[in-house]
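Scope of the values below: all heavy atoms of this structure, side chains included, with no hydrogens, waters or symmetry mates.
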Amino acid sequence: QVQLAESGGGLVQPGGSLRLSCAASGFTFSRSTMRWYRQAPGKERELVADITSVSSGTTYADSVKGRFFISRDNSKNTLYLQMNSLKPEDTAVYYCYVHLGRDYWGQGTQVTVSS
């Protein structure tokens, strides 16, 4: 069974940093493109970043480009999102995602950026 277990969310001040983790199991992590999404209250869920298998090529939403960095450790079956220079508008529930014939989502982890 596919499982995505997220951790690392919390409360942080504007300008601060946070690192999210997603522990994956039940599939061949190293061969899978992984994604981070986020959803703020009253907003559509949006793609934040993705990272390909093998080459680990990355893409980012314009809103986070230069501040957020997605990475993976295939030896640990873990996906990361390093978030720097955080802004209040980054406040959202962040989700780990993989497509394996259908969509699989983590449970989500809350990130709150506030003074």
Side-chain angles (χ1 to χ4, degrees):
Q1 57 277 46
V2 174
Q3 291 186 321
L4 302 171
E6 302 170 342
S7 61
L11 176 64
V12 64
Q13 293 184 339
S17 296
L18 208 59
R19 189 172 82 155
L20 307 183
S21 298
C22 172
S25 62
F27 65 100
T28 306
F29 177 81
S30 63
R31 297 179 186 171
S32 301
T33 294
M34 303 296 298
R35 291 176 170 176
W36 286 101
Y37 284 80
R38 69 184 182 187
Q39 188 167 28
K43 302 290 186 180
E44 296 282 345
R45 190 170 296 188
E46 65 172 341
L47 177 63
V48 175
D50 65 21
I51 183 165
T52 63
S53 62
V54 184
S55 66
S56 295
T58 59
T59 59
Y60 298 92
D62 287 343
S63 58
V64 308
K65 202 167 296 181
R67 300 187 297 119
F68 289 13
F69 301 93
I70 189 171
S71 63
R72 65 197 299 158
D73 187 339
N74 288 338
S75 72
K76 297 180 179 179
N77 285 355
T78 302
L79 177 73
Y80 302 99
L81 185 66
Q82 178 66 47
M83 305 184 295
N84 301 320
S85 302
L86 282 161
K87 305 174 180 180
E89 51 263 46
D90 295 319
T91 295
V93 178
Y94 285 72
Y95 297 92
C96 182
Y97 167 94
V98 65
H99 184 75
L100 301 165
R102 72 167 183 86
D103 297 340
Y104 289 91
W105 299 91
Q107 76 283 359
T109 185
Q110 177 71 49
V111 172
T112 302
V113 184
S114 176
S115 298

Please tabulate, one pair per line, all N/O donor-acceptor pairs under 3.5 Å involving side-chain atoms of residues 36-49, not counting sequence neighbours.
unit_1 : atom_1 : unit_2 : atom_2 : d
Trp36  : NE1    : Tyr80  : O      : 3.1
Tyr37  : OH     : Arg35  : NH1    : 3.3
Arg38  : NE     : Glu46  : OE2    : 2.7
Arg38  : NH1    : Asp90  : OD1    : 3.0
Arg38  : NH1    : Tyr94  : OH     : 2.9
Arg38  : NH2    : Glu46  : OE2    : 3.2
Arg38  : NH2    : Ser63  : OG     : 3.4
Gln39  : OE1    : Arg45  : NE     : 3.4
Gln39  : OE1    : Arg45  : NH2    : 3.3
Gln39  : NE2    : Lys43  : O      : 3.1

Where Gln107 and Leu4 come nearest, the two heavy atoms and their spacing: OE1-O, 3.3 Å
Test item: Leu18 and Leu86 side chains (from C-beta on) under 4.5 Å apart, heavy atoms: yes
Disulfide bond (SG atoms under 2.5 Å apart): pairs with one or both residues in residues 31-109, sequence neighbours excluded: Cys22-Cys96
Flag, side chain of Glu6 to backbone of Gly108, donor-acceptor distance under 3.5 Å: yes
Check: Val113 main-chain N/O paired with Thr91 side-chain donor or acceptor under 3.5 Å: yes
Stepwise side chain to side chain contact (heavy atoms under 4.5 Å, CB included) check, Val12 with Thr112: CA-CA 6 Å; Val12 64; Thr112 302; over 6 Å; no
Leu81 and Met83, any side-chain heavy atoms less than 4.5 Å apart: yes
Of all pairs that satisfy side-chain hydrogen bond (donor to acceptor under 3.5 Å, both in side chains), the ones with a partner from residues 11-20, not counting sequence neighbours: Ser17-Asn84
Side chains of Pro88 and Ser114 in contact at under 4.5 Å (non-hydrogen atoms): no
Given Leu79, Leu20, Thr59, the one that forms side-chain contact (heavy atoms from CB on, under 4.5 Å) with Ile70: Leu79
His99 and Tyr97 aromatic ring geometry - parallel, tilted or perpendicular at 30°/60° bounds: parallel
Passing candidate, side-chain contact (heavy atoms from CB on, under 4.5 Å) with Arg72, options Asn77, Ile51, Thr33: Ile51
Side chain to side chain, Tyr104 and Phe27, heavy atoms closer than 4.5 Å: no
Donor-acceptor contact present, side-chain Thr78 to main-chain Lys76, <3.5 Å: yes
Geometric cation-pi criterion Arg31 and Phe29, 6.0 Å radius, 45° cone: no
Common cluster, Val93/Phe68, ILVMFWY with side-chain heavy-atom separation under 4.5 Å: no
Ser53 side chain near Ser32 side chain, heavy-atom distance below 4.5 Å: no
